[in-house]
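Lettering of chains follows the sequences in order, A, B, ..., and the numbering in each one begins at 1.
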Amino acid sequence: MNLKNHNKINFNISLFIVLSILISLILKIFLLTALSLLTGILYLALFHSKNKKIYDEREVSLRQKATDFTFSLFIPTLAISAFLFFFPSLSQLSVFSKGEFEYLESLGSIFIYLVLFLIAVYSITYFVLLNQIGKNHEK
Amino acid sequence: MKNKVKLFRTQNNLTQQDLAIKVGVSRQTIIAIENNKYLPSINLAFKLSKIFKTTIEKLFIYQP
């Protein structure tokens with residue numbers, strides 16, 4: 001990844017935050033607006049530095065470590081949340097499986113689809129990289 | 001892994017910024033290497049040793 005790609009990713013993140021603020025304001029979801037603003041401030045303060053004009057190997061290493069940490073935190077959270085959203089619905093006892101809380105089951109399904117998608121992407125990426133970098137050929 | 005980057009840099013009358021420009025990294029990377037906070041790639045290690053006209057073994061000391 002070079003400086004151009006680095007700037008492109010920064011632009012995409014900034015665009016996503018701005019869009020989420022605008023959409024949440026239009027739909028009057030003020031909690032989402034506040035969270036988007038907070039995330040935007042956090043991103044600008046901690047990550048988006050004016051000094052990052054040189055994109056070198058240390059920057060790549062930092063990004064890889066940050067990505068690893070994010071994924072190792074994000075996927076289990078998503079997977080556990082997915083099953084937690086399903087269990088009340090399966091038991092048919094909880095108030096969460098009825099009426100206005102029925103959407104939780106759908107949310108659980110979406111989370112499971114997302115986790116499955118991420119596992120598939122991870123497996124494919126690993127396979128492609130393994131072929132590029134070199135398999136362990138036994139002779 | 002220990003290194004003598006700071007020692008070689010001062011001996012060659014180079015600032016951290018000068019060295020960073022010569023090897024094509026940021027000044028923060030040079031600071032991190034000098035403080036043993038970051039282990040450079042083999043490519044960068046070769047570039048550093050070439051600038052200081054020494055060997056990698058003299059610049060970086062392996063400590064298991």
Side-chain angles (χ1 to χ4, degrees), chain A residues 1-17 39-74 122 124-139, chain B:
Chain A
M1 191 186 289
N2 53 27
L3 187 64
K4 198 180 170 185
N5 285 341
H6 173 78
N7 289 337
K8 204 186 283 179
I9 290 170
N10 282 347
F11 175 77
N12 288 340
I13 292 171
S14 306
L15 186 72
F16 178 79
I17 291 169
T39 311
I41 292 164
L42 196 75
Y43 171 71
L44 285 172
L46 300 179
F47 183 75
H48 192 78
S49 166
K50 284 178 182 174
N51 296 325
K52 281 179 185 169
K53 285 177 183 170
I54 297 173
Y55 191 81
D56 61 6
E57 59 174 57
R58 191 180 119 270
E59 189 67 30
V60 175
S61 169
L62 285 173
R63 269 178 181 260
Q64 280 171 350
K65 280 178 185 169
T67 309
D68 283 350
F69 182 75
T70 308
F71 261 69
S72 63
L73 198 74
F74 175 69
Y122 180 82
I124 294 165
T125 313
Y126 182 84
F127 180 75
V128 171
L129 287 173
L130 185 73
N131 279 329
Q132 277 182 1
I133 294 168
K135 278 183 181 175
N136 185 18
H137 293 291
E138 286 183 19
K139 285 181 182 176
Chain B
M1 184 86 78
K2 277 190 174 183
N3 70 73
K4 293 180 181 174
V5 173
K6 194 174 183 177
L7 183 74
F8 276 95
R9 180 175 62 75
T10 48
Q11 278 175 357
N12 283 273
N13 293 319
L14 287 169
T15 62
Q16 289 173 332
Q17 186 67 43
D18 293 336
L19 183 61
I21 291 166
K22 274 178 184 280
V23 292
V25 295
S26 65
R27 193 172 69 89
Q28 285 80 5
T29 301
I30 300 296
I31 295 167
I33 293 167
E34 285 185 359
N35 293 329
N36 283 315
K37 300 271 183 197
Y38 174 68
L39 200 63
S41 68
I42 192 87
N43 197 27
L44 182 55
F46 267 111
K47 279 183 185 176
L48 288 167
S49 63
K50 201 177 173 185
I51 282 165
F52 296 137
K53 292 180 180 112
T54 186
T55 58
I56 288 181
E57 289 87 352
K58 283 179 186 168
L59 197 57
F60 294 93
I61 301 126
Y62 177 65
Q63 288 180 319

Legend entry - Residues that B:Asp18 engages under side-chain hydrogen bond (donor to acceptor under 3.5 Å, both in side chains), provided they are two or more places apart: B:Thr15
Legend entry - Test item: B:Asn3 side-chain N/O and B:Val5 main-chain N/O as donor-acceptor pair under 3.5 Å: yes
Inset, instruction - Scan side-chain atoms only and decide if A:Thr70 and A:Thr67 contain a donor-acceptor pair under the 3.5 Å cut-off. - result: no
Inset, instruction - Look at the side chain of A:Ser61 and the backbone N and O of A:Glu57, then say whether any donor-acceptor pair between them is shorter than 3.5 Å. - result: no
Legend entry - Close approach to chain A in residues 40-47 of chain B, criterion heavy atom under 4.5 Å: B:Pro40, B:Ser41, B:Leu44
Inset, instruction - Find the distance between NZ (B:Lys53) and NZ (B:Lys58) and round it off to the nearest 0.5 Å. - result: 14.0 Å
Legend entry - Backbone of B:Gln17 reached by a side-chain donor or acceptor of B:Arg27 within 3.5 Å: no
